[in-house]
Amino acid sequence: MKQSAVPVATILLALVILWYVFAVILNAPFQRDLDRRANETPGTVEFIGKTLSQPKPTLPAPHQVAVNFFENTFLRPITSTRSLVYNAWVTLSSTLLGFAFGTALGIIIAVGIVHVATLDRSLMPWIIASQTIPILAVAPMIIVVLAAIGVTGLIPKAMISTYLSFFPVTVGMVKGLRSPELMHLDLMHTYNASASQTFWKLRVPASVPFLFTSMKVAVAASLVGAIVGELPTGAVAGIGAKLLAGAYYSQSIDIWSALVAGSVVAALLVMVVGIAGRIVDRAMGGRPA
Amino acid sequence: MTGTSPAVVSASKLGLTFQTNDGPVQALSNVDLTIGKGEFVSFIGPSGCGKTTLLRVIADLEKPTSGTISVNGMTPEQAREKRAYGYVFQAAALFPWRTIERNVALPLEIIGLSRAEQAERIKRTMELVNLSGFEKKYPWQLSGGMQQRASIARALAFDADLLLMDEPFGALDEIVRDHLNEQLLELWERTNKTICFVTHSIPEAVYLSTRIVVMSPRPGRVTDIIESTLPKKRPLDIRETPEFLAIAARVRDGLRAGHSYD
Amino acid sequence: MTGTSPAVVSASKLGLTFQTNDGPVQALSNVDLTIGKGEFVSFIGPSGCGKTTLLRVIADLEKPTSGTISVNGMTPEQAREKRAYGYVFQAAALFPWRTIERNVALPLEIIGLSRAEQAERIKRTMELVNLSGFEKKYPWQLSGGMQQRASIARALAFDADLLLMDEPFGALDEIVRDHLNEQLLELWERTNKTICFVTHSIPEAVYLSTRIVVMSPRPGRVTDIIESTLPKKRPLDIRETPEFLAIAARVRDGLRAGHSYD
Amino acid sequence: ADKVTLQLKWVTQAQFAGYYVAKAKGFYEAEGLDVDIKPGGPDIAPEQVIAGGGADVIVDWMGGALAAREKGVPLVNIAQPFKKAGMELVCPKDGPIKTEADFKGHTLGVWFFGNEYPFYAWMNKLGLKTDGGPDGVTVLKQSFDVQPLIQKQADCISVMTYNEYWQLIDAGYKPEQLTVFNYSAMGNDLLEDGLYASEDKLKDPAFEDKMVRFVRASMKGWKYAIDNNDEAAGIVMDNGGQDENHQKRMMSEIAKLIDNADGKLDPATYERTAKALLDQKIITKAPTGAYTTAITDKAIK
Amino acid sequence: MNWLKPSWQAVLAIVLCVAGLALGAIAAPKVDPLAQPAGTLIYPYAATNWLIFGALLLAALISMARMPSIVEAVVLFIGAHLVAWLLIGGISGFEGLARAPYFLLLTAAWLLGWRCVAVLSGLRPMASWARSALRLIIPAIFGAWILIIWEAVTRGAGIPFILLPPPSAIGARIASSLPVLGADVRQTIFKAVIFGYVVGSSAGFLVAIAADRVPFLRRGLLPIGNMVSALPIIGVAPIMVMWFGFDWPSKAAVVIIMTFFPMLVNTVAGLVASGHMERDLMRTYASGYWPTLLKLRLPAAAPFIFNALKINSTLALIGAIVAEFFGTPVVGMGFRISTEVGRMNIDMVWAEIAVAALAGSVFYGVVALIERAVTFWHPSVRGG
Ligand SMILES: Nc1ncnc2c1ncn2[C@@H]1O[C@H](COP(=O)(O)OP(=O)(O)OP(=O)(O)O)[C@@H](O)[C@H]1O
Ligand SMILES: Nc1ncnc2c1ncn2[C@@H]1O[C@H](COP(=O)(O)OP(=O)(O)OP(=O)(O)O)[C@@H](O)[C@H]1O
Ligand SMILES: Cc1ncc(C[n+]2csc(CCO)c2C)c(N)n1
Ligand SMILES: [Mg+2]
Ligand SMILES: [Mg+2]
């Protein structure tokens, strides 16, 4: 953890510099338009300064985003609907719920596919097909239908997260549950171990590396799902709502600070899953690389 | 075979052909064999002659492609389902995420033994293979020979009436080997188990067995079956007796005959 | 050591302690050893005494925690980077996605040999270990002994001046083993390679070696170093000579002394 | 009180101030109604919500409502608060387009999701193809912002008089630097925000009465909002609107579209809208019974 | 009783069928709009009522007799599908009027279909053509029942067309809109998806390698790579449109961002999957970083990398379609979906979704086939 501080900082610094360069380049044409319409001819330094301080820039400069992010994170009471902490929390809660459901569902389906020939043959193709349905297209319909039967609030959003996150888990776990060495399977066979014993004592431990890798992808997908799910619910609160509100009024700085908030949440979630994975690996006598 | 004791394994015209990417490989052909209760049968033969394959067929890990085989009068599958045998693989096949102790406990968990009984058996077998003190280590923290001993302990803890052992002592030094040979004989005598034992060591085969099955390669056939005339009680120095050496010579001849060198 | 030929391996006060979840394990302690060019040194000792660990230290696969070691006058790391040695592991370590032939070719690809030369070396070593005809098979389609032979072929094809072999013939029957022993001696004589050889077989150690290092366990120490007085040319039946048996007896005694049984 | 659920077509903004004001000022309560206002979004189709039973009455554009009616959701216009359309096409004066004659060969930003009908009707009238060929115009599906113009990806873009137009002004364009093609001014407008309910439900006198009260209170809300511009904007802000200044400006622009706040549908505009939709094959046969004046007649005496 | 071989599906089907009989008419009658004395009622299922009950009971009963599995499967197949056919045929003209027995019969027929699939899954034919035929037939029957239930429920319960159209309407729409669908597929899949998939997956792969190669990057790049994972499409898509224009390159950029992370994470995990002894072996050859990577670590990582490729094959499609909700030319699957929703042409929306599902499945299937060929040695492929 400690050793990563310097590299992360270095790379972030490089990114920020790159970001500034792009901000100037991307904001310049519009600034030139503005100046032309206003009949002004600023010097280079002044011009660059202006490109970095537009109220609705094409690409906001890092400091603009940082200021906005800081204000919305620390200067507002966390109960305020404008607080990023509040909005991140709203999104996070449906992310976590959806992730929990998605992981559970993904594992259950994988277990079914690995153990039941009928499911292996018939279900997998349809699961794949289901994943190609663009959620943004069906999310509103799902939410309308659910609202009609009285289900509102967290659950519909979490369902979209679930839908997006179960698939990586299924794919990874089908592979992982089938990854034990043949000799280990033979060993269990000689004990006439039941399917559930083989499952718990062999397949599950063998699938752990696949599980945690899949869960990292799933938790990220789940967050995307939660954000997408916020849109058709009227976008009242959450990171998705902030994004949308920013988009209506081209408030690019708001959009970017919401994006940054989303990314930070994502990085934290992925890190937590990674740490959980490492703890489990350690508990399983994992050999240091 | 004596015919008096009931057959534990009985194979006739057994054959097995593997289909591989570049054509079929005949691993067993026309194997006829009967093993009675309480026998100690060693299998010896050049590398790749089908010893492991034969053991795997008995254990229902491989299906023969011709001929018939029965174990305890049942199909191998039924026998396996009745947990009729314990198997020691040629490689240790320990689970890397379990400590040695938990590896030995694996079959005991599966048959549903109580914690206390598990602990008792683990302790006993770990002592038998001289691994006490390594209970809490993970497999990769053990030397090759120690891993092999752990896998023997696991099979012995399982305590089935038929033991299938595929070169269990291959990675052990002479002294440990002698010790384990003695222990195994003692166990066999005491419990009247039936043991099928693959080895590459002629003295080991002669020392342990009531019968020695000599096999020859491609396709794996049984070329000779040698009944041992040694008494049941066998001190280690029986290995210097002329009787012992005579049997060993006969095995060596059988082995050489089936070999492609010289 | 004679001191005339330059030292290939020279260790002094070598020690290695593994840190494990339940405390440190001292695998090597105070090992002093010099191996000259062209020597054939066998390591023998009870299971878990540190033979593999010592070989791994020489090969720079493990860092000693005390003492010093040099290989060809360099650190083990430099020697490894100069590709000073070939290593045969205790397990076969074949890559499952490569055929046997491509497994043997692996080191040759890495040192960048031409296709033609690769083919030539593969053919030669595959014949040497008697695996011709199995070039196109995958590892899991081979018996245990065949896999071990493939891994020997791989090391021989690599053709380094120092060979580190960890129980290379453990899974082979006596006849193949005798054959490979002869072949190895012949190769050693012809090429003046230096060979470090771990084995559990006393006759094998005596038959092959110019020196036999006897080790004792926990912590792994060198308890005896036995110079062989046998001539360089050794027909197989040298194993019946009294001289041979005397050396073997001395090794056995050394081994027994370090053992925890009897 | 009787429960009524209203589904809006878009997010909370002054475009719907009348309803929020009516709720905040207790006009609904006074009529014995308990109104639940559900904001919409870019991918909420109010027609689907009402079909699924999620709303009693919706705010919709007539194009969408008539299309849904043909697909088996019998929507009926019960009131038409917006008399004029707010949509227009704007082009910067320093660009290539000054008049309708200049369109050929250029890229125009258009909103879809049911908002594209007036545009296509107009192009139809001008005889311009919309397939991107050299003889026609290239159509760009515009997202909900004015970026295509700022990025110069389009030569003209769609705006609402009350919303995106002001974003252009905020972005530094001066009104005199923009050429505006207003659909209402050109007589190409199709009816925008109206209130629609289900024909089946309206057969129930109790429901009809509820709607009468709802429309009466809503129009009272609109009138109040027009008269108290800044307070109305404040109420919108309280309900989740963004950017107070923007809402105030929007409110005053909306007031120009509301006209006299009687909510009555002008049959002539209705006929023109229906015909334009028919011409473009958005609907296949002339709709019947798609509106009723009964509600507004009772509501506004 | 030796000739009897009960299955719970068939028994339950019979129970449901009897319950249906007890509850009366399958669907409510309606007023005939054409009949002369106005107000005359016409009744549904007048001719087929007994045929439906009869076929169902017969198929269920026969299936429980002891006979070759293949015959049983055929009987079940015919029974289940005949009943479904008659039910759906009979409801036309009476949409929304179905009563409880309609749904009970549908469930019973579905149970027979299920039993049929179960019987077929148990078959182990010798001929290889029969095996491949089964491999196709089983998912096909499963899928057919998804469609049958969908059709029967939407029509039986009279679900509004603009909420969920029946599959038959979607099918008709697909047939009549092939040119439009073709153009959309070309725009979305052949341009944005394939390009974005290849570039995004490669980028994730290369960054993983870079992070592996340079420890400094590993510590710095991976946390930042994790941040990319959550850049939500809806946040990023408008920005990409801003940067790369409204045509397909901006969609490809979104796909790149979406596919990057799964590949990054999986490659990183895969690179540590090789065994210790194998890595030691390569060390003894003083094998450099790249040979070790190529000859040992990448092959060992292949199962993980293919996982990412599979997940990405569906993600890429979602990404491209959703990105088209923002600013596009007037062609593309996402464009069509979002506009046709606005026009209440929900059948067209589902037609696009069906095409997307088909394309995604083919895409996934191709990746899975390549995986089998490349990782033939892995226990999961060798059979575990
Ligand atoms: N899964 C398999 N697929 C194809 N061929 C196989 C397979 N398993 C074994 N064989 C082949 O069958 C033959 C017999 O193998 P087996 O493992 O039984 O030999 P073995 O007698 O145990 O040899 P060893 O003493 O070397 O272990 C060999 O030629 C081997 O190549
Ligand atoms: N990676 C490791 N971590 C911890 N302890 C280890 C590790 N490797 C080996 N050991 C311990 O070091 C000691 C020596 O092991 P080593 O493998 O060198 O024995 P060996 O002489 O090769 O035995 P064998 O003949 O059984 O192969 C053993 O007690 C073993 O448990
Ligand atoms: C996707 C999308 N469609 C339409 C509009 C235009 N618009 C702005 S306000 C409003 C409400 C109409 O009642 C509408 C339609 C948009 N901005 N984004
Ligand atoms: Mg074998
Ligand atoms: Mg060792």
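Letters A, B, ... are given to chains in the order of the sequence lines, protein chains preceding strands, and every chain is numbered from 1.
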Side-chain touch E:Y285/C:E109, heavy atoms, less than 4.5 angstrom: no
Largest heavy-atom contact set with chain E, pairs under 4.5 Å, which of C:A79, C:A84, C:A91, C:P139: C:A91
Enclosure of E:F195 CZ (heavy-atom neighbours >12, cutoff 6.0 Å): no
Chain C contact via E:A302 - which portion, at a heavy-atom distance below 4.5 Å: neither
Crowding at NZ, C:K63 (>12 non-hydrogen neighbours, <6.0 Å): yes
Euclidean distance, E:T292 OG1 relative to C:I110 CD1, rounded to 0.5 Å: 6.0 Å
Closest non-hydrogen atom pair between C:R83 and E:A286, with its separation: NH2-O, 3.3 Å
side-chain contact (heavy atoms from CB on, under 4.5 Å) assessment of E:V374 paired with C:W97: CA-CA 9 Å; E:V374 173; C:W97 51 85; over 6 Å; no
Nearest-0.5 Å distance that lies between atom OH in C:Y87 and atom CZ in E:R283: 11.5 Å
E:R186, CZ: over 12 other non-hydrogen atoms inside 6.0 angstrom: no
Side chain / backbone / both / neither for C:Y85 at chain E, heavy atoms under 4.5 Å: both
NZ (E:K191) with more than 12 external heavy atoms under 6.0 Å: yes
Any C:W140 side-chain heavy atom under 4.5 Å of E:W377 side chain: yes
Close side-chain approach of E:D280 to C:R56, heavy-atom, < 4.5 Å: yes
Sub-6.0 Å ring centroid separation between C:Y138 and E:F376: yes
Most chain E-contacting option - heavy-atom pairs closer than 4.5 Å, from C:P107, C:A59, C:A93: C:P107
Close side-chain approach of E:L281 and C:L106, heavy atoms under 4.5 Å: yes
Spatial distance of atom CG (C:L61) from atom CZ (E:R279) [nearest 0.5 Å]: 12.5 Å
Residue selection (most heavy-atom pairs with chain E, distance under 4.5 Å) from C:K82, C:R154, C:E77, C:R80: C:R80
Which portion of E:L296 sits near chain C, non-hydrogen atoms under 4.5 angstrom: both
Under 4.5 Å from any heavy atom of chain E - which part of C:A155: neither
Student check: side-chain heavy atoms of C:R98 and E:K295 closer than 4.5 Å: yes
